[in-house]
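A short worksheet on the structure shown next.
Please read these numbers as outputs of a predicted model, since none were measured by experiment. Just so we're on the same page: letters track the sequence lines, and every chain starts at 1.
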Amino acid sequence: MKVIVTVIGKDKPGIIAKVSTALAQNNVNIEDISQTIMQGNFTMLMQCDIEKASLTLKGLKSALLSLGEEIGVSIHVQHEDIFNAMHKI
Amino acid sequence: MLNRKEILETIDMVEKEHFDVRTITMGISLLPCVREDAKTTAELCYDRICQKAEKIVKVASDLEAEYGIPIINKRVSITPASLLTSSFCGKEVTLAKALDRAAKTVGVDFLGGYSALVQKGMTSYERSFIESIPEALAVTDRMCSSVNVGSSKAGINMDAVRLMGEIIKATAEKTKERDGFGCAKLVVFCNAVEDNPFMAGAFHGLSEGETVINVGVSGPGVVHHALKSMKGASVDEIAETIKKTAFKITRAGQLIAKEASKRLNAEFGIVDLSLAPTPVMGDSVAHILEEIGLDSVGGHGTTAALAMLNDAVKKGGVMASSNVGGLSGAFIPVSEDIGMIRAAEKGAISLSKLEAMTCVCSVGIDMVAVPGDTPATTLAGMIADEAAIGMINNKTTAVRVIPVPNKGVGDTVEFGGLLGTAPIMEVSPYGCSSFINRGGRMPAPIHSNKN
């Protein structure tokens with residue numbers, strides 16, 4: 001299953017490192033990544049494959065949610081189909 | 001890789017604009033459960049609902065987690081119950097209790113379909129069933145009831161209209177310690193649809209399959225937000241933006257509906273494109289109309305703005321879903337929409353204006369509280385007016401009105417949760433009892449003869 005991980009919050013050093021470490025620890029493969037600063041906010045989008053992940057999607061969501069709280073950013077994990085459905089004809 | 005702007009737009013819709021899937025409703029045919037006695041029928045219905053809808057809450061929670069779109073309600077709709085009770089007249093409430101118990105066991109928010117379809121004629125068992133509604137709504141918590149009293153094809157059953165005026169009064173009286181709350185779960189239709197996922201009017205029509213998933217999307221907040229940046233834009237530009245927004249939210253609903261039906265081993269029925277408000281700030285249909293340019297919903301221009309909104313939502317939604325159905329339009333329930341509540345409080349909206357609005361949008365006089373001493377025949381008059389609008393214009397209309405016992409204009413009634421708060425609205429002091437008491441059947445309009 002392909003998911004989109006979205007990380008939004010106040011910029012500071014180490015966000016990419018911490019999020020990608022957490023993904024690696026759970027055997028989630030990052031296939032594409034894009035990061036920028038939008039209106040002063042750190043904004044990162046990652047397309048990930050969770051086929052071989054050691055956690056279920058729900059488990060991964062809650063792991064990243066607590067990581068997000070720890071480093072002060074909001075992290076969403078969503079199946080990529082929702083974006084395809086809403087924005088592609 | 002997906003477009004960044006699009007991903008963030010979806011996230012903002014959920015986080016800031018209250019975008020959600022309002023309901024996943026499983027329609028279940030209960031015809032195989034009919035037996036001669038009330039107890040056995042009730043037990044079989046209970047078992048069948050529990051078996052078919054066993055996983056609905058879990059599947060909804062899984063989908064919510066996977067797609068990141070909140071799914072607010074899980075519901076069940078059933079075969080109109082008047083078709084199940086013909087052999088045990090007088091004992092219908094036994095079935096009502098079992099249905100309510102089933103709703104609680106599977107964990108759904110509401111179960112709809114304690115219903116009768118009497119638009120042309122009313123059998124003795126249907127009359128007995130309708131007479132059981134006040135008691136049935138008083139002794140249950142999650143069960144909803146509806147009665148269809150007219151259609152464009154059959155005309156309006158004025159005997160049923162008169163009876164429903166009395167039934168609404170009796171329901172309010174039976175639930176008077178909760179300000180007539182039972183009436184919030186009772187809707188009277190003209191041209192009721194068989195695949196409506198929304199309450200209180202959902203039932204599983206006779207032409208439906210065995211188990212069907214119907215999904216109702218929502219998103220007044222998303223539409224409102226999209227219009228905020230359009231100050232000074234022309235009406236056709238506004239309509240275009242609403243269309244595009246409706247397309248996106250319906251696509252999300254379509255995806256959820258397809259997945260839900262697959263996982264629940266049910267047929268995919270329809271996506272209902274209604275804009276359904278909640279009493280929460282930022283989730284109001286009235287505020288969309290005000291964003292379009294009205295000083296207050298209820299003023300002149302309201303009907304026109306609503307007509308455009310309703311039509312644009314449908315146009316966007318129709319292209320987004322393979323099967324569109326249900327009510328599909330903007331809802332204007334007074335107590336469930338913060339903008340409507342405010343307008344009613346300051347006297348900006350009247351029952352007459354609401355009636356005009358129902359000519360161009362979904363449903364009708366919805367969640368309106370009126371004085372407790374409103375005569376049953378006046379309530380029947382309201383029903384007749386709405387049914388006439390529906391019958392003549394080939395559309396669904398409805399009345400869900402609460403004559404709040406011992407309260408009058410100036411009082412407010414609090415239903416809580418999604419049902420909200422309703423200021424009691426003034427009804428016309430001029431009655432129509434002689435008209436209503438004539439009874440009989442209003443013939444179908446000339447344009448029903450299409451063959």
Side-chain angles (χ1 to χ4, degrees), chain A residues 1-11 16 19 26 28-51 53 55-66 68-69 73-89, chain B residues 1-17 19-21 58-71 215 217-219 222-223 226 243-260 262-263 268 271 316-322:
Chain A
M1 186 196 293
K2 298 278 171 70
V3 298
I4 304 290
V5 178
T6 320
V7 184
I8 304 169
K10 199 170 173 309
D11 194 18
I16 301 182
V19 174
N26 293 301
V28 174
N29 191 35
I30 304 172
E31 296 187 336
D32 198 348
I33 181 165
S34 128
Q35 184 261 309
T36 187
I37 304 293
M38 280 173 77
Q39 291 146 3
N41 266 335
F42 173 93
T43 310
M44 175 165 69
L45 310 175
M46 298 163 132
Q47 187 175 34
C48 303
D49 186 349
I50 63 165
E51 219 46 67
L55 286 175
T56 60
L57 191 142
K58 271 189 177 175
L60 182 66
K61 251 178 119 94
S62 75
L64 290 180
L65 195 71
S66 29
E69 276 168 20
V73 292
S74 79
I75 306 184
H76 295 267
V77 185
Q78 287 160 280
H79 197 300
E80 73 167 354
D81 281 357
I82 190 74
F83 303 104
N84 288 328
M86 288 177 77
H87 301 283
K88 305 256 182 293
I89 295 180
Chain B
M1 183 73 180
L2 290 142
N3 180 311
R4 170 185 297 133
K5 197 172 143 264
E6 291 169 351
I7 291 179
L8 295 177
E9 184 185 346
T10 297
I11 288 175
D12 275 350
M13 280 182 182
V14 174
E15 295 268 296
K16 300 180 188 156
E17 300 154 22
F19 173 47
D20 53 52
V21 167
K58 183 181 179 299
V59 165
S61 142
D62 289 349
L63 292 172
E64 194 172 60
E66 277 172 40
Y67 296 111
I69 308 286
I71 298 170
V215 163
V217 294
S218 188
V222 182
V223 175
K243 226 162 75 178
K244 285 181 185 157
T245 311
F247 175 82
K248 289 176 191 168
I249 56 188
T250 310
R251 288 278 280 204
Q254 164 87 7
L255 176 66
I256 301 266
K258 282 266 183 205
E259 270 305 308
K262 199 159 75 188
R263 295 183 196 187
F268 161 59
V271 176
V318 160
M319 192 179 157
S321 172
S322 53

Looking only at B:Met319, B:Glu15, B:Gln254, the option with the highest number of non-hydrogen pairs under 4.5 Å against chain A is B:Glu15
d(A:Ile82 CD1, B:Glu259 CD) to nearest 0.5 Å is 10.5 Å
Interatomic distance, CE@A:Met86 vs CD1@B:Ile7, rounded to 0.5 Å, equals 12.0 Å
In this structure, CZ of B:Arg251 is separated from CG of A:Asn84 (nearest 0.5 Å) by 9.0 Å
Counting C-beta onward and ignoring hydrogens, is there a side-chain heavy-atom pair between A:His87 and B:Lys5 closer than 4.5 Å?
no
The interface call for B:Thr250 against chain A, heavy-atom contacts under 4.5 Å, is neither
CZ of B:Arg4 to OG1 of A:Thr43, rounded to nearest 0.5 Å, is 7.0 Å
Okay, A:Ile8 and chain B: the region with an atom under 4.5 Å from a heavy atom over there is side chain
Applying a strict 4.5 Å limit to non-hydrogen atoms, the region of B:Leu8 in contact with chain A is side chain
To the nearest 0.5 Å, atom CG of B:Leu255 lies from atom CZ of A:Phe83 at 11.0 Å
Taken to the nearest 0.5 Å, the spacing of B:Ile11 CD1 from A:Ile4 CD1 works out to 9.0 Å
In terms of heavy-atom contacts, B:Ala65 and A:Leu57 come closest through O-CD2, 3.6 Å
When the 4.5 angstrom heavy-atom criterion is applied to A:Val77 and chain B, the contacting part is backbone
If one checks every heavy atom of B:Glu9 against chain A at 4.5 Å, the contacting part turns out to be side chain
Q.
One pair to check against side-chain contact (heavy atoms from CB on, under 4.5 Å): A:Lys58 and B:Asp62. What are the steps and the verdict?
A. CA-CA 8 Å; A:Lys58 271 189 177 175; B:Asp62 289 349; 3.0 Å; yes
